[in-house]
2 protein chains.
Amino acid sequence: MADELRTLVERLKAVAHPLRLRVLSLLEPGELCVCQIAETLQVPQSSVSEALRELRRAGFVVERKDGRWVFMSLIPQDQASLFLRGLLGEAAALPEVQRDRLRAEAVKAMAISVVCAKTPQEVPAEHGVTRV
Amino acid sequence: MADELRTLVERLKAVAHPLRLRVLSLLEPGELCVCQIAETLQVPQSSVSEALRELRRAGFVVERKDGRWVFMSLIPQDQASLFLRGLLGEAAALPEVQRDRLRAEAVKAMAISVVCAKTPQEVPAEHGVTRV
DNA sequence: ATGACATTTCGATATTTTCCGATATATACT
DNA sequence: AGTATATATCGGAAAATATCGAAATGTCAT
């Protein structure tokens, strides 16, 4: 009840953040689990987890648990708000987002066990994405 | 060049703020000057000025100077980004926004000299919600 | 139960943002 | 010139947010 403005502002804040926006865009083609996202974006998994928590709170993504993995996906198109649909369309054109998606394709092509049971050092840096 | 993602995030941050979103929505029916907005929303003039600066930086509004007044208006529909159009549509449904617009109608019905040349004491006070 | 691993939460610091009164600038009128 | 009004900017303290390693939690497989 009431303060729907505040709610909308919270949803906008959730998306007004580089990592969260990248994660959101990354999910558009389909679900990914937390470790796949962390590997794709080359960021600490706790950061991904926190990003996803905010996106979930804002109602943009939903989770599906499968064993120890947590797969996140966008809410269905028909449930998405107007501005979210516009935003996703706009974000899809960004070079950063397109690069992320290429990396995600490569990550999805690998078995999950190969992707996730990795120490950070073993990950070869690509595309100028830096880590430590 | 580059970092268009950061630019988009900055634009999202600009609207992820209660006052700025209210101001933005207030301008949809047509231009208003700073003092009309401050009177309508019952907030300090410096806050309105700062809100408008951010919205201008983000490319959502443009200004038209007329003497000592500065009238702000939304950028033309056809220049608006996808997510902005969606956002405005969504915001228009919010009760807070609708109340603001009623107040704005009342303010516009008065002469500008009556609206703006007011000492704070004469303003019925009461922050935020008030009837027209 | 022990270990391995995915994920979340915690803790603590660093950075950014908010807010508004006070002050500055600009324009108009006399 | 001076006064009045409209808007912009400054200052700076409080609040919110970001960040990420470390610890906690949960889940599966021996």
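Order of the sequence lines fixes the chain letters, A, B, ..., with proteins taken first and strands second; residue numbering starts at 1 for each chain. Being a predicted model, the structure only gives us computed values, none of them experimental.
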Could you list the donor-acceptor pairs under 3.5 angstrom formed by side chains in residues 72-82 of chain B, with sequence neighbours left out?
| unit_1 | atom_1 | unit_2 | atom_2 | d |
| --- | --- | --- | --- | --- |
| B:Ser81 | OG | B:Arg11 | NH2 | 3.0 |
| B:Ser81 | OG | B:Leu84 | N | 3.4 |

Of D:dG26, D:dT7, D:dC20, the nucleotide closest to the side chain of A:Pro44 is D:dC20
| Is there side-chain contact between A:Glu10 and A:Lys13, with at least one heavy-atom pair below 4.5 Å? | yes
To the nearest angstrom, the CH2-C1' distance between B:Trp69 and C:dT27 comes to 10 Å
In whole angstroms, the gap separating P of D:dC28 from CD1 of A:Ile112 amounts to 14 Å
Solution key, residues 49-62 of chain B side-chain donor-acceptor pairs under 3.5 Å, sequence neighbours excluded:
none

On a heavy-atom basis, the closest approach of A:Leu12 and B:Val15 is CD1-O, 3.6 Å
Check against side-chain contact (heavy atoms from CB on, under 4.5 Å), A:Val115 and A:Thr40:
CA-CA 9 Å; A:Val115 172; A:Thr40 298; over 6 Å; no
Salt bridge (charged side-chain N to carboxylate O under 4.0 Å, His left out) pairs touching residues 104-117 of chain A, sequence neighbours excluded, are A:Glu105-A:Lys108
Rounded to whole Å, CG of A:Leu32 lies from C1' of C:dT7 at a distance of 15 Å
Taken to the nearest whole Å, CZ/B:Arg68 to P/C:dT27 is 12 Å
Residues 46-98 of chain B vs disulfide bond (SG atoms under 2.5 Å apart), sequence neighbours excluded, gives none
So, with a heavy-atom separation below 4.0 Å from DNA chain D, the residues of residues 11-21 of chain A are A:Lys13, A:His17, A:Arg20
Numerically ordered, the residues 46-66 of chain B set in heavy-atom contact under 4.0 Å with DNA chain C is B:Ser46, B:Ser47, B:Glu50
Between CD1 of A:Ile37 and P of C:dT7 the distance, given in whole Å, is 9 Å
Separation of C:dT7 atom C1' from A:Gln36 atom CD, nearest Å, is 14 Å
On DNA chain D, more 5' by nearest nucleotide between A:Glu10 and B:Cys33 is B:Cys33
For B:Ala104 and B:Leu26 the tightest heavy-atom approach is CB-CD1, 3.8 Å
Heavy-atom nearest pair, A:Trp69 first then A:Cys33, reads CD1-SG, 3.7 Å
